[in-house]
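Heads up, the thing below is written out as C-alpha coordinates.
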Amino acid sequence: MLTNQDNNNYSFNIDKFYKNYLKGPKIFRNREALEPSFIPNELPHRDNEIEKIAGITACALNGDVPPNFLCYGMTGTGKTATIRYLSQKIAQHCTANPPWWIYINCNIVSTPYRILAHIYNTIVGKEKIPPTGLPKDIILKKLLGLFDQTIKESVCFLVLDEIDILVEKKGGNEILYNLTRLNENLDLCRTSVIGISNKLKLMQFLDSRVTSTLDEEEPIVFHPYNANELADILYLRANIAFDEGVIEEGVIKLCAGLAAREHGDARKALQLLRKAGETAERNQSRKVLEQHVHKAQKEIDKDHIVEYIFSMPLQAQLTLTAVYLLTKYNADNVITSGDIYEVHNDLASRIPGLKQLTHRRISDYINELALAGLINANTKSMGHYGRTKIIKLDVDNELMERVLSRITRIKTHDLLNYKPILLQGDKVRVKNNVFKKLL
DNA sequence: TATCCACAGGAAATCAGGGTGT
DNA sequence: ACACCCTGATTTCCTGTGGATA
(Lines give C-alpha, C1' and ligand atoms only; values in the text may rest on other atoms or scores of the structure.)
Protein backbone atom coordinates (compact mmCIF):
# COMPACT_ATOMS: atom_id res chain seq x y z
CA MET A 1 0.00 0.00 0.00
CA LEU A 2 1.21 3.43 -0.90
CA THR A 3 1.43 5.87 2.01
CA ASN A 4 1.34 9.61 1.79
CA GLN A 5 4.98 9.81 2.61
CA ASP A 6 5.91 7.48 -0.24
CA ASN A 7 3.83 9.55 -2.47
CA ASN A 8 5.63 12.74 -1.55
CA ASN A 9 8.99 11.19 -2.19
CA TYR A 10 8.16 10.49 -5.79
CA SER A 11 5.88 13.36 -6.67
CA PHE A 12 6.99 16.21 -8.84
CA ASN A 13 7.16 19.46 -6.89
CA ILE A 14 5.47 21.90 -9.18
CA ASP A 15 5.89 24.93 -6.91
CA LYS A 16 9.59 24.41 -6.72
CA PHE A 17 9.74 23.91 -10.47
CA TYR A 18 8.03 27.20 -11.26
CA LYS A 19 10.15 29.06 -8.69
CA ASN A 20 13.32 27.70 -10.20
CA TYR A 21 12.07 28.41 -13.67
CA LEU A 22 11.45 32.06 -12.86
CA LYS A 23 14.76 32.38 -11.01
CA GLY A 24 16.71 30.57 -13.71
CA PRO A 25 18.56 32.21 -16.59
CA LYS A 26 16.42 33.74 -19.32
CA ILE A 27 17.10 32.29 -22.72
CA PHE A 28 14.41 33.69 -25.00
CA ARG A 29 13.65 37.32 -25.66
CA ASN A 30 10.96 36.68 -28.26
CA ARG A 31 10.22 33.03 -28.85
CA GLU A 32 7.69 33.82 -31.58
CA ALA A 33 10.44 34.71 -34.03
CA LEU A 34 11.19 31.01 -34.36
CA GLU A 35 7.59 30.01 -35.07
CA PRO A 36 6.63 29.06 -38.62
CA SER A 37 3.92 31.73 -38.63
CA PHE A 38 6.37 34.56 -37.96
CA ILE A 39 6.98 36.85 -40.91
CA PRO A 40 10.35 38.62 -40.65
CA ASN A 41 11.17 41.98 -42.17
CA GLU A 42 13.49 40.44 -44.69
CA LEU A 43 13.65 37.06 -46.37
CA PRO A 44 17.24 36.13 -47.13
CA HIS A 45 18.02 34.28 -50.37
CA ARG A 46 14.58 34.67 -51.83
CA ASP A 47 15.17 37.82 -53.87
CA ASN A 48 14.55 36.14 -57.21
CA GLU A 49 11.27 34.65 -56.15
CA ILE A 50 10.11 37.84 -54.49
CA GLU A 51 10.94 39.83 -57.61
CA LYS A 52 9.04 37.45 -59.88
CA ILE A 53 5.95 37.29 -57.70
CA ALA A 54 5.99 41.03 -57.12
CA GLY A 55 6.05 41.47 -60.89
CA ILE A 56 3.06 39.23 -61.37
CA THR A 57 0.98 40.67 -58.54
CA ALA A 58 1.87 44.37 -58.86
CA CYS A 59 -1.10 45.16 -61.08
CA ALA A 60 -3.34 44.53 -58.07
CA LEU A 61 -2.14 47.93 -56.84
CA ASN A 62 -4.12 49.53 -59.67
CA GLY A 63 -7.09 47.27 -59.15
CA ASP A 64 -6.28 45.13 -62.21
CA VAL A 65 -6.60 41.36 -62.14
CA PRO A 66 -3.33 39.52 -61.59
CA PRO A 67 -3.04 36.20 -63.41
CA ASN A 68 -3.27 32.89 -61.57
CA PHE A 69 0.05 31.22 -60.90
CA LEU A 70 1.77 28.35 -59.11
CA CYS A 71 4.67 28.15 -56.66
CA TYR A 72 6.64 24.94 -56.41
CA GLY A 73 9.12 23.82 -53.82
CA MET A 74 9.69 21.32 -51.04
CA THR A 75 8.53 21.94 -47.48
CA GLY A 76 10.41 24.70 -45.70
CA THR A 77 11.68 26.46 -48.81
CA GLY A 78 9.88 29.67 -47.94
CA LYS A 79 6.91 29.52 -50.32
CA THR A 80 4.23 30.44 -47.84
CA ALA A 81 6.47 32.92 -46.02
CA THR A 82 7.25 34.69 -49.30
CA ILE A 83 3.58 35.01 -50.23
CA ARG A 84 2.68 36.31 -46.78
CA TYR A 85 5.59 38.71 -46.86
CA LEU A 86 4.46 40.08 -50.22
CA SER A 87 0.87 40.41 -49.09
CA GLN A 88 2.05 42.68 -46.29
CA LYS A 89 4.19 44.72 -48.66
CA ILE A 90 1.35 45.15 -51.14
CA ALA A 91 -0.93 46.32 -48.35
CA GLN A 92 1.69 48.92 -47.35
CA HIS A 93 1.79 50.35 -50.86
CA CYS A 94 -1.92 50.33 -51.45
CA THR A 95 -3.64 53.59 -50.63
CA ALA A 96 -7.22 52.65 -51.42
CA ASN A 97 -8.93 49.28 -51.72
CA PRO A 98 -6.13 46.97 -50.56
CA PRO A 99 -6.49 43.45 -51.92
CA TRP A 100 -7.93 40.66 -49.80
CA TRP A 101 -5.85 37.60 -49.08
CA ILE A 102 -7.54 34.36 -48.17
CA TYR A 103 -5.25 31.53 -47.14
CA ILE A 104 -6.43 27.97 -47.43
CA ASN A 105 -4.28 25.09 -46.32
CA CYS A 106 -5.67 22.24 -48.39
CA ASN A 107 -4.21 19.77 -45.95
CA ILE A 108 -6.51 21.09 -43.24
CA VAL A 109 -9.39 22.48 -45.27
CA SER A 110 -9.36 19.37 -47.35
CA THR A 111 -12.57 19.03 -49.32
CA PRO A 112 -14.18 21.16 -52.06
CA TYR A 113 -17.16 21.92 -49.87
CA ARG A 114 -15.01 23.10 -47.00
CA ILE A 115 -12.87 25.27 -49.21
CA LEU A 116 -15.93 27.15 -50.42
CA ALA A 117 -17.26 27.36 -46.87
CA HIS A 118 -13.88 28.53 -45.57
CA ILE A 119 -13.66 31.32 -48.16
CA TYR A 120 -17.20 32.42 -47.40
CA ASN A 121 -16.77 32.35 -43.63
CA THR A 122 -13.45 34.19 -43.83
CA ILE A 123 -14.96 37.04 -45.80
CA VAL A 124 -17.99 37.32 -43.54
CA GLY A 125 -15.86 36.92 -40.44
CA LYS A 126 -18.07 34.32 -38.77
CA GLU A 127 -19.30 30.76 -39.19
CA LYS A 128 -22.14 31.43 -41.59
CA ILE A 129 -21.81 28.26 -43.65
CA PRO A 130 -22.17 25.06 -41.61
CA PRO A 131 -19.43 22.42 -41.81
CA THR A 132 -21.66 20.18 -43.91
CA GLY A 133 -25.16 19.89 -45.29
CA LEU A 134 -25.58 22.31 -48.18
CA PRO A 135 -25.18 21.54 -51.87
CA LYS A 136 -21.92 22.90 -53.29
CA ASP A 137 -23.51 24.84 -56.12
CA ILE A 138 -25.65 26.77 -53.66
CA ILE A 139 -22.58 27.84 -51.70
CA LEU A 140 -20.80 28.81 -54.89
CA LYS A 141 -23.73 31.05 -55.85
CA LYS A 142 -23.83 32.61 -52.38
CA LEU A 143 -20.08 33.14 -52.57
CA LEU A 144 -20.27 34.95 -55.89
CA GLY A 145 -22.85 37.31 -54.45
CA LEU A 146 -20.69 37.90 -51.40
CA PHE A 147 -17.62 38.75 -53.47
CA ASP A 148 -19.43 41.53 -55.32
CA GLN A 149 -21.21 42.74 -52.22
CA THR A 150 -18.40 42.78 -49.67
CA ILE A 151 -15.14 42.96 -51.59
CA LYS A 152 -16.67 45.12 -54.31
CA GLU A 153 -14.06 46.51 -56.71
CA SER A 154 -11.00 45.10 -54.98
CA VAL A 155 -8.89 42.12 -55.89
CA CYS A 156 -9.11 38.94 -53.81
CA PHE A 157 -6.15 36.55 -53.77
CA LEU A 158 -7.05 32.96 -53.00
CA VAL A 159 -3.90 31.25 -51.77
CA LEU A 160 -4.23 27.48 -51.93
CA ASP A 161 -1.41 26.01 -49.88
CA GLU A 162 -0.54 22.32 -50.36
CA ILE A 163 -2.70 22.34 -53.46
CA ASP A 164 -1.25 18.97 -54.49
CA ILE A 165 -3.20 17.28 -51.71
CA LEU A 166 -6.42 18.78 -53.01
CA VAL A 167 -5.74 17.75 -56.60
CA GLU A 168 -5.19 14.12 -55.71
CA LYS A 169 -8.59 13.91 -54.08
CA LYS A 170 -11.77 13.42 -56.02
CA GLY A 171 -13.54 16.64 -56.83
CA GLY A 172 -10.23 18.48 -56.52
CA ASN A 173 -9.98 19.37 -60.17
CA GLU A 174 -13.57 20.52 -60.28
CA ILE A 175 -13.20 22.98 -57.41
CA LEU A 176 -10.00 24.34 -58.92
CA TYR A 177 -11.81 24.79 -62.20
CA ASN A 178 -14.49 26.78 -60.39
CA LEU A 179 -12.04 28.87 -58.41
CA THR A 180 -9.86 29.75 -61.40
CA ARG A 181 -12.90 30.92 -63.34
CA LEU A 182 -14.71 32.90 -60.69
CA ASN A 183 -14.11 36.15 -62.59
CA GLU A 184 -16.36 35.04 -65.43
CA ASN A 185 -19.30 35.27 -63.07
CA LEU A 186 -18.32 38.34 -61.09
CA ASP A 187 -19.38 41.91 -61.85
CA LEU A 188 -17.23 44.03 -59.56
CA CYS A 189 -14.74 41.95 -57.59
CA ARG A 190 -11.77 40.23 -59.24
CA THR A 191 -10.10 37.07 -57.95
CA SER A 192 -6.75 35.45 -58.52
CA VAL A 193 -5.64 31.98 -57.49
CA ILE A 194 -2.14 31.32 -56.16
CA GLY A 195 -1.38 27.63 -55.86
CA ILE A 196 1.42 26.45 -53.59
CA SER A 197 2.62 22.92 -54.17
CA ASN A 198 5.22 20.63 -52.66
CA LYS A 199 5.23 18.41 -55.69
CA LEU A 200 6.83 19.36 -58.95
CA LYS A 201 4.76 16.96 -60.98
CA LEU A 202 1.51 18.58 -59.91
CA MET A 203 0.63 19.44 -63.51
CA GLN A 204 0.31 15.76 -64.41
CA PHE A 205 -2.65 15.43 -62.09
CA LEU A 206 -4.39 18.57 -63.24
CA ASP A 207 -7.28 18.58 -65.62
CA SER A 208 -6.54 20.35 -68.91
CA ARG A 209 -9.35 22.82 -68.18
CA VAL A 210 -7.52 23.84 -65.02
CA THR A 211 -3.98 23.89 -66.44
CA SER A 212 -5.06 26.36 -69.11
CA THR A 213 -5.95 28.94 -66.46
CA LEU A 214 -3.11 28.16 -64.05
CA ASP A 215 -0.56 28.15 -66.86
CA GLU A 216 -0.82 31.81 -67.76
CA GLU A 217 2.41 32.55 -65.90
CA GLU A 218 5.66 30.65 -65.54
CA PRO A 219 5.52 28.77 -62.25
CA ILE A 220 7.83 30.08 -59.53
CA VAL A 221 10.22 27.39 -58.33
CA PHE A 222 11.65 27.60 -54.80
CA HIS A 223 14.93 25.72 -54.46
CA PRO A 224 15.93 24.14 -51.17
CA TYR A 225 18.25 26.21 -48.99
CA ASN A 226 21.81 25.04 -48.53
CA ALA A 227 23.50 24.98 -45.12
CA ASN A 228 24.95 28.50 -45.47
CA GLU A 229 21.65 29.98 -46.52
CA LEU A 230 19.90 28.27 -43.64
CA ALA A 231 22.51 29.68 -41.27
CA ASP A 232 21.76 33.21 -42.56
CA ILE A 233 18.07 32.68 -41.89
CA LEU A 234 18.78 31.36 -38.42
CA TYR A 235 21.11 34.24 -37.52
CA LEU A 236 18.44 36.70 -38.49
CA ARG A 237 15.77 35.03 -36.41
CA ALA A 238 18.07 34.25 -33.50
CA ASN A 239 18.86 37.94 -33.14
CA ILE A 240 15.18 38.59 -32.52
CA ALA A 241 14.42 35.45 -30.55
CA PHE A 242 17.34 35.22 -28.11
CA ASP A 243 19.07 37.58 -25.76
CA GLU A 244 22.54 38.59 -26.80
CA GLY A 245 25.32 36.11 -26.12
CA VAL A 246 22.96 33.28 -25.28
CA ILE A 247 23.79 31.20 -28.31
CA GLU A 248 27.11 29.43 -28.20
CA GLU A 249 29.38 29.66 -31.23
CA GLY A 250 28.62 26.81 -33.58
CA VAL A 251 25.04 26.14 -32.48
CA ILE A 252 23.50 27.87 -35.46
CA LYS A 253 25.88 26.24 -37.92
CA LEU A 254 24.98 22.90 -36.39
CA CYS A 255 21.23 23.48 -36.69
CA ALA A 256 21.66 24.65 -40.26
CA GLY A 257 23.82 21.66 -41.11
CA LEU A 258 21.41 19.16 -39.65
CA ALA A 259 18.44 20.72 -41.43
CA ALA A 260 20.34 20.98 -44.71
CA ARG A 261 20.80 17.25 -44.64
CA GLU A 262 17.04 16.94 -44.73
CA HIS A 263 16.49 18.69 -48.06
CA GLY A 264 17.18 22.19 -46.73
CA ASP A 265 14.01 22.64 -44.74
CA ALA A 266 14.01 26.03 -43.02
CA ARG A 267 11.04 25.12 -40.88
CA LYS A 268 13.00 22.17 -39.46
CA ALA A 269 16.03 24.35 -38.83
CA LEU A 270 13.94 26.88 -36.90
CA GLN A 271 12.17 24.18 -34.96
CA LEU A 272 15.51 22.66 -34.03
CA LEU A 273 16.85 25.97 -32.78
CA ARG A 274 13.73 26.68 -30.76
CA LYS A 275 13.72 23.23 -29.22
CA ALA A 276 17.42 23.56 -28.40
CA GLY A 277 16.63 26.82 -26.63
CA GLU A 278 13.86 25.17 -24.67
CA THR A 279 16.15 22.32 -23.72
CA ALA A 280 18.73 24.79 -22.45
CA GLU A 281 16.04 26.60 -20.51
CA ARG A 282 14.84 23.42 -18.85
CA ASN A 283 18.39 22.50 -17.90
CA GLN A 284 18.82 25.93 -16.29
CA SER A 285 21.69 26.61 -18.63
CA ARG A 286 22.78 30.17 -19.31
CA LYS A 287 23.64 29.35 -22.90
CA VAL A 288 22.33 27.22 -25.71
CA LEU A 289 25.05 24.65 -26.37
CA GLU A 290 25.66 22.15 -29.13
CA GLN A 291 24.66 19.32 -26.81
CA HIS A 292 21.23 20.95 -26.50
CA VAL A 293 20.84 20.82 -30.25
CA HIS A 294 21.61 17.10 -30.35
CA LYS A 295 19.19 16.50 -27.52
CA ALA A 296 16.56 18.57 -29.27
CA GLN A 297 17.01 16.61 -32.48
CA LYS A 298 16.35 13.35 -30.66
CA GLU A 299 13.32 14.81 -28.93
CA ILE A 300 11.86 16.09 -32.17
CA ASP A 301 12.15 12.66 -33.73
CA LYS A 302 10.51 11.08 -30.73
CA ASP A 303 7.77 13.69 -30.46
CA HIS A 304 6.97 13.20 -34.09
CA ILE A 305 6.52 9.46 -33.63
CA VAL A 306 4.45 9.75 -30.46
CA GLU A 307 2.23 12.47 -31.85
CA TYR A 308 1.65 10.58 -35.04
CA ILE A 309 0.68 7.35 -33.30
CA PHE A 310 -1.74 9.10 -30.97
CA SER A 311 -3.40 10.87 -33.85
CA MET A 312 -4.02 7.66 -35.80
CA PRO A 313 -7.45 6.02 -35.82
CA LEU A 314 -7.79 3.03 -33.51
CA GLN A 315 -7.78 0.56 -36.41
CA ALA A 316 -4.41 1.89 -37.55
CA GLN A 317 -3.13 1.69 -34.00
CA LEU A 318 -4.21 -1.93 -33.88
CA THR A 319 -2.41 -2.59 -37.15
CA LEU A 320 0.73 -1.20 -35.59
CA THR A 321 0.10 -3.27 -32.46
CA ALA A 322 -0.07 -6.34 -34.67
CA VAL A 323 3.39 -5.57 -36.03
CA TYR A 324 4.64 -4.97 -32.51
CA LEU A 325 3.31 -8.31 -31.23
CA LEU A 326 4.62 -10.22 -34.21
CA THR A 327 8.04 -8.71 -33.51
CA LYS A 328 7.82 -9.25 -29.77
CA TYR A 329 6.90 -12.93 -29.76
CA ASN A 330 9.28 -13.99 -32.47
CA ALA A 331 12.22 -11.66 -32.78
CA ASP A 332 13.66 -13.12 -35.98
CA ASN A 333 10.23 -13.35 -37.51
CA VAL A 334 9.59 -12.72 -41.17
CA ILE A 335 6.39 -10.66 -41.05
CA THR A 336 4.10 -10.58 -44.07
CA SER A 337 0.96 -8.56 -44.74
CA GLY A 338 -1.06 -11.74 -44.35
CA ASP A 339 0.26 -12.18 -40.79
CA ILE A 340 -0.65 -8.63 -39.91
CA TYR A 341 -4.13 -9.10 -41.32
CA GLU A 342 -4.69 -12.18 -39.18
CA VAL A 343 -3.29 -10.71 -35.98
CA HIS A 344 -5.21 -7.48 -36.51
CA ASN A 345 -8.46 -9.42 -36.87
CA ASP A 346 -7.59 -11.36 -33.75
CA LEU A 347 -6.99 -8.14 -31.81
CA ALA A 348 -10.08 -6.41 -33.21
CA SER A 349 -12.25 -9.30 -32.11
CA ARG A 350 -11.05 -8.76 -28.55
CA ILE A 351 -12.36 -5.22 -28.45
CA PRO A 352 -16.15 -5.24 -28.15
CA GLY A 353 -17.91 -3.22 -30.81
CA LEU A 354 -14.91 -3.01 -33.09
CA LYS A 355 -15.20 -4.28 -36.64
CA GLN A 356 -12.71 -6.60 -38.27
CA LEU A 357 -11.26 -5.19 -41.48
CA THR A 358 -10.65 -6.55 -44.95
CA HIS A 359 -7.32 -7.37 -46.49
CA ARG A 360 -7.60 -4.36 -48.71
CA ARG A 361 -7.97 -1.95 -45.84
CA ILE A 362 -5.09 -3.45 -43.86
CA SER A 363 -2.97 -3.16 -46.96
CA ASP A 364 -3.65 0.59 -47.03
CA TYR A 365 -2.84 0.92 -43.35
CA ILE A 366 0.45 -0.88 -43.87
CA ASN A 367 1.31 1.62 -46.59
CA GLU A 368 0.42 4.53 -44.35
CA LEU A 369 2.55 3.23 -41.50
CA ALA A 370 5.43 2.73 -43.89
CA LEU A 371 5.03 6.24 -45.26
CA ALA A 372 5.15 7.61 -41.73
CA GLY A 373 8.40 5.75 -41.16
CA LEU A 374 7.05 3.58 -38.35
CA ILE A 375 7.57 0.36 -40.25
CA ASN A 376 9.58 -0.85 -43.20
CA ALA A 377 7.60 -2.58 -45.91
CA ASN A 378 9.15 -4.05 -49.03
CA THR A 379 7.21 -5.91 -51.66
CA LYS A 380 8.88 -9.19 -52.36
CA SER A 381 7.96 -12.15 -54.50
CA MET A 382 8.32 -15.50 -52.80
CA GLY A 383 7.83 -17.33 -56.04
CA HIS A 384 5.49 -20.20 -55.58
CA TYR A 385 4.61 -18.79 -52.15
CA GLY A 386 3.12 -15.69 -53.67
CA ARG A 387 3.87 -12.00 -53.61
CA THR A 388 3.70 -10.14 -50.33
CA LYS A 389 5.24 -7.38 -48.30
CA ILE A 390 8.02 -8.13 -45.87
CA ILE A 391 7.50 -5.89 -42.88
CA LYS A 392 9.79 -4.75 -40.10
CA LEU A 393 9.21 -2.42 -37.19
CA ASP A 394 11.30 0.69 -37.85
CA VAL A 395 11.05 2.14 -34.34
CA ASP A 396 12.65 1.06 -31.14
CA ASN A 397 10.57 -1.75 -29.60
CA GLU A 398 10.61 -0.21 -26.14
CA LEU A 399 9.46 3.17 -27.34
CA MET A 400 6.70 1.48 -29.29
CA GLU A 401 5.55 -0.38 -26.21
CA ARG A 402 5.57 2.78 -24.12
CA VAL A 403 3.48 4.66 -26.65
CA LEU A 404 1.01 1.88 -27.40
CA SER A 405 0.48 1.15 -23.72
CA ARG A 406 -0.83 4.68 -23.31
CA ILE A 407 -3.69 4.09 -25.73
CA THR A 408 -6.77 3.48 -23.60
CA ARG A 409 -8.44 0.68 -25.51
CA ILE A 410 -5.20 -1.19 -26.02
CA LYS A 411 -4.41 -0.85 -22.32
CA THR A 412 -7.82 -1.84 -20.96
CA HIS A 413 -7.87 -5.02 -23.05
CA ASP A 414 -4.26 -5.77 -22.20
CA LEU A 415 -3.43 -6.35 -25.84
CA LEU A 416 0.29 -5.79 -25.45
CA ASN A 417 0.58 -8.95 -23.34
CA TYR A 418 -1.73 -10.98 -25.50
CA LYS A 419 -0.21 -13.73 -27.61
CA PRO A 420 -2.10 -13.84 -30.92
CA ILE A 421 -3.61 -17.17 -31.97
CA LEU A 422 -1.49 -17.12 -35.10
CA LEU A 423 1.63 -17.32 -32.95
CA GLN A 424 0.34 -20.06 -30.70
CA GLY A 425 0.66 -22.88 -33.25
CA ASP A 426 3.39 -24.01 -35.58
CA LYS A 427 2.09 -22.32 -38.69
CA VAL A 428 4.23 -19.21 -38.55
CA ARG A 429 7.40 -21.06 -37.59
CA VAL A 430 7.07 -23.42 -40.54
CA LYS A 431 6.41 -20.56 -42.93
CA ASN A 432 9.32 -18.63 -41.45
CA ASN A 433 11.78 -21.38 -42.21
CA VAL A 434 10.73 -21.50 -45.84
CA PHE A 435 10.79 -17.72 -46.20
CA LYS A 436 14.16 -17.31 -44.53
CA LYS A 437 15.71 -19.60 -47.11
CA LEU A 438 14.19 -17.55 -49.91
CA LEU A 439 15.26 -14.19 -48.53
C1' DT B 1 7.79 -23.32 -69.82
C1' DA B 2 3.28 -22.91 -67.91
C1' DT B 3 1.33 -22.60 -63.58
C1' DC B 4 -0.03 -20.73 -59.50
C1' DC B 5 0.37 -18.48 -54.97
C1' DA B 6 -0.61 -14.47 -51.94
C1' DC B 7 -1.02 -10.78 -52.22
C1' DA B 8 -0.71 -5.36 -54.40
C1' DG B 9 -3.30 -1.75 -55.36
C1' DG B 10 -6.87 0.98 -58.62
C1' DA B 11 -11.85 2.22 -59.12
C1' DA B 12 -16.31 2.40 -57.79
C1' DA B 13 -19.87 1.43 -54.47
C1' DT B 14 -21.63 1.49 -49.88
C1' DC B 15 -22.41 2.93 -45.22
C1' DA B 16 -22.79 5.76 -41.17
C1' DG B 17 -22.75 10.11 -39.25
C1' DG B 18 -22.76 14.78 -39.57
C1' DG B 19 -25.77 18.31 -41.56
C1' DT B 20 -29.50 21.13 -44.64
C1' DG B 21 -34.16 23.43 -46.09
C1' DT B 22 -39.08 22.82 -46.45
C1' DA C 1 -40.82 14.00 -41.21
C1' DC C 2 -38.62 13.92 -45.34
C1' DA C 3 -35.64 14.18 -49.27
C1' DC C 4 -31.34 15.47 -49.99
C1' DC C 5 -26.22 16.90 -49.26
C1' DC C 6 -21.12 16.11 -47.95
C1' DT C 7 -17.43 13.40 -45.90
C1' DG C 8 -14.46 9.80 -44.40
C1' DA C 9 -13.88 5.04 -43.68
C1' DT C 10 -14.43 0.82 -45.53
C1' DT C 11 -15.96 -2.91 -48.75
C1' DT C 12 -16.45 -5.02 -53.14
C1' DC C 13 -14.73 -6.11 -57.35
C1' DC C 14 -11.24 -6.32 -60.06
C1' DT C 15 -6.79 -6.89 -62.78
C1' DG C 16 -1.85 -7.38 -62.28
C1' DT C 17 2.47 -9.64 -60.93
C1' DG C 18 7.52 -11.92 -59.70
C1' DG C 19 9.49 -15.93 -59.50
C1' DA C 20 9.82 -20.85 -57.28
C1' DT C 21 7.92 -25.02 -58.57
C1' DA C 22 5.93 -28.96 -61.12
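When reading the values below, keep in mind they use all heavy atoms of this one structure, side chains included, and skip hydrogens, waters and symmetry mates. So that the names make sense, note that chain A is the first sequence line, chain B the second, and so on, each numbered from 1.
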Assign A/K380 to base, sugar-phosphate, or nothing according to its heavy-atom contacts below 4.0 angstrom with the strands shown. nothing
Across all chains, not counting sequence neighbours, the side chain to side chain contact (heavy atoms under 4.5 Å, CB included) partners of A/A370 are A/I375, A/A377
**Message:** For A/K419, is there any backbone N or O sitting under 3.5 Å from a side-chain donor or acceptor partner on A/Q424?
**Reply:** yes
Rounded to whole Å, CG of A/D339 lies from P of B/dA8 at a distance of 11 Å
Sorted by chain and number, sequence neighbours left out, salt bridge (Lys or Arg N to Asp or Glu O under 4.0 Å) with A/R190 holds for none
Tell me if the CD atom of A/E32 is crowded by more than 12 foreign heavy atoms within 6.0 Å. no
Going 5' to 3' through nucleotides 9-22 of chain C and flagging B where a protein heavy-atom sits under 4.0 Å of the base, S where only the sugar-phosphate is that close, and - otherwise, we get -SBB----BBBBS-
message = Below the 4.0 Å mark, does B/dA6 have OP1 or OP2 next to a side-chain nitrogen or oxygen of A/K431?
response = no
query = Looking only at side-chain N and O atoms, does A/N367 come under 4.0 Å of OP1 or OP2 in B/dG9?
reply = yes
Side-chain contact check for A/S363: nearest option of C/dT7, B/dG18, B/dG9 is B/dG9
Rounded to whole Å, the CG-C1' distance (A/L134 to C/dT7) equals 14 Å
Side-chain contact check for A/P130: nearest option of C/dC6, C/dT7, B/dT20 is B/dT20
Strictly below 4.0 Å: does A/S337 bring a side-chain N or O up to OP1 or OP2 of B/dA6? no
### Query
Taking the side chain as C-beta and beyond, is there a heavy-atom pair between A/P224 and A/D265 under 4.5 Å?
no
To the nearest angstrom, the CG-P distance between A/L369 and B/dA8 comes to 13 Å
> Around atom CD of A/E218, are there more than 12 heavy atoms of other residues, nucleotides or ligands at under 6.0 Å?
Replying inline: no
